[in-house]
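What follows is a set of notes on a single structure, which appears directly below.
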Amino acid sequence: MIDTYTSEVIVPHLVDSVYFLSEKVGAVNLGACVMNESALDFSKRYGPTALVTGASDGIGAAMLAELAARGLNLVLAARRADRLEAHATSLRSDHGVEVLVVPVDLGTNEGPDNLVAATRGQDIGLYVACAGFGTAGRFMDNCASDELNMIDVNCHALTAVLHPLARQMAARGRGGIILMSSIVAFQGVANSANYAATKAYVQTLAEGLAAELASSGVDVLASAPGPVNTGFATRADMQMGSAASPETVAKATLRALGKTVTTRPGGQSKLLGYGLAMLPRSFRSRIMGQIMQGMTKHRDANKEKTTA
């Protein structure tokens, strides 16, 4: 239990400190380093083809050029066919790689099966699961269908596509799997309760699979960024301060593949992750909940204006 002094004095000071420090380091890439793996080695280990879901924008789109520069052919999966085709045209022109576009809604019952069918026969050596979305605010105030659809996309679809690919990679004796976790995956988070729960599933799935597939030559990585400057915040109706760029997250994530099981790309993710790691889980939950409350406080203000 958290006593009154801790709840009313210590935790607010910790939250203020996290806000202050995150603003200071938000524009700094603490994980910046020179990429030292050769494109040829990367392609040999994870090629010839990478499947990227959520490829139309955000982190998924940022992954595309990085992977094409390493010589991998690509399968692009997302809902918006026009954006996928535009990416495909640029990738073919700039990098000379083969690109297959698969427009698909992974939030539907048939979406995951359609994607698996469309990629059957492709020699996929790398699965980058970037498809996903989040909700914010109190769970009971959100639309139930949105909460359930988030579980479908973030958990069900990811697993349905992953299962046959994991078997395929294990049989060939090499490959890579990148699952997008989050800084909220390591504790319950008020005002993002269901989203945090979906990312906890992704995080623990990655950790377990990493152990299961290690002897098969398949590398599994959970990438747990903090706030990222994508369309995520707009869809979740959140207001973020400083945030990492999708390009920063993509570069850092690919550098970490094969070197660790969990990576925290971006300055804020490192600050929050390592800074809070030694605190009891209940403290972390309280602090992250207050941070999320700060990102959604404009909702309450809007409600007050509406009811005034």
Side-chain angles (χ1 to χ4, degrees), residues 53-61 77-84 102-115 129-162 179-205 223-241 243 246 249 272 284-308:
T53 63
S56 58
D57 60 12
I59 298 171
R79 292 177 299 164
R80 289 166 286 189
D82 56 339
R83 292 195 180 189
L84 295 181
V102 183
V104 62
D105 185 350
L106 292 175
T108 62
N109 290 333
E110 66 276 7
D113 289 340
N114 289 344
L115 178 56
C130 294
F133 72 94
T135 59
R138 295 195 308 172
F139 175 75
M140 64 181 180
D141 293 338
N142 293 334
C143 178
S145 61
D146 289 342
E147 297 296 322
L148 291 169
N149 188 236
M150 180 169 59
I151 296 172
D152 288 337
V153 176
N154 294 6
C155 302
H156 174 264
L158 177 148
T159 306
V161 175
L162 171 60
L179 305 182
M180 295 307 301
S181 177
S182 169
I183 192 64
V184 302
F186 303 95
Q187 63 283 304
V189 180
N191 297 297
S192 190
N194 195 26
Y195 175 69
T198 68
K199 290 304 177 179
Y201 170 80
V202 173
Q203 178 67 37
T204 53
L205 178 64
S223 178
V228 183
N229 188 20
T230 67
F232 175 92
T234 301
R235 181 169 183 176
D237 193 16
M238 294 165 51
Q239 291 183 346
M240 300 188 301
V249 174
L272 290 169
R284 300 200 311 268
S285 181
R286 182 66 182 272
I287 291 169
M288 292 301 298
Q290 291 197 17
I291 291 173
M292 283 301 303
Q293 186 176 31
M295 293 182 180
T296 58
K297 63 183 179 181
H298 65 285
R299 291 181 170 191
D300 294 331
N302 291 338
K303 286 181 182 178
E304 290 177 3
K305 290 179 181 179
T306 301
T307 57

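No hydrogens, no waters, no symmetry mates; every other heavy atom, side chains included, goes into these values. Count residues from 1 along the sequence.
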* To do: Walk me through it: do Met288 and Ile183 pass the test side-chain contact (heavy atoms from CB on, under 4.5 Å)?
  => CA-CA 9 Å; Met288 292 301 298; Ile183 192 64; 4.1 Å; yes
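Residue Ala77 comes nearest to Leu84 through the heavy atom pair C-CD1, 4.2 Å, listed as atom of the first residue, atom of the second, then distance. In terms of heavy atoms, Ala157 sits closest to Leu106 at CB-O, 3.4 Å. When all heavy atoms of Gly134 and Tyr195 are compared, the pair lying nearest together is CA-CD1, 3.5 Å.
Between the side chain of Ser285 and the main chain of Gly188, a donor-acceptor pair closer than 3.5 Å is present. With hydrogens and angles disregarded, a donor-acceptor distance shorter than 3.5 Å links the side chain of Lys199 to the backbone of Met180. Between the side chain of Thr53 and the main chain of Cys130, a donor-acceptor pair closer than 3.5 Å is present. Looking at Asn154, its side chain never comes within 3.5 Å of a backbone N or O of Thr198 through a donor-acceptor pair.
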Pairs under 3.5 angstrom only: tabulate donor-acceptor contacts from the side chains of residues 107-115 to other protein residues two or more places apart or in another chain.
unit_1: Thr108; atom_1: OG1; unit_2: Asp105; atom_2: O; d: 2.8
unit_1: Thr108; atom_1: OG1; unit_2: Gly111; atom_2: N; d: 3.1
unit_1: Asn114; atom_1: ND2; unit_2: Glu110; atom_2: O; d: 3.4

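For Asp146, the side-chain contact (heavy atoms from CB on, under 4.5 Å) test picks out Thr135, Cys143, with sequence neighbours left out. Scored by the side chain to side chain donor-acceptor pair (under 3.5 Å) test, Ser181 finds Gln203 as partners (sequence neighbours excluded).
Atom OG1 of Thr159 sits about 2.5 Å away from atom OH of Tyr201, to the nearest 0.5 Å. Taking CG of Asn142 as the reference point, atom CG of Asn191 lies at 9.5 Å (rounded to 0.5 Å).
Using a 4.5 Å heavy-atom threshold, the side chains of Asn149 and Phe133 count as touching.
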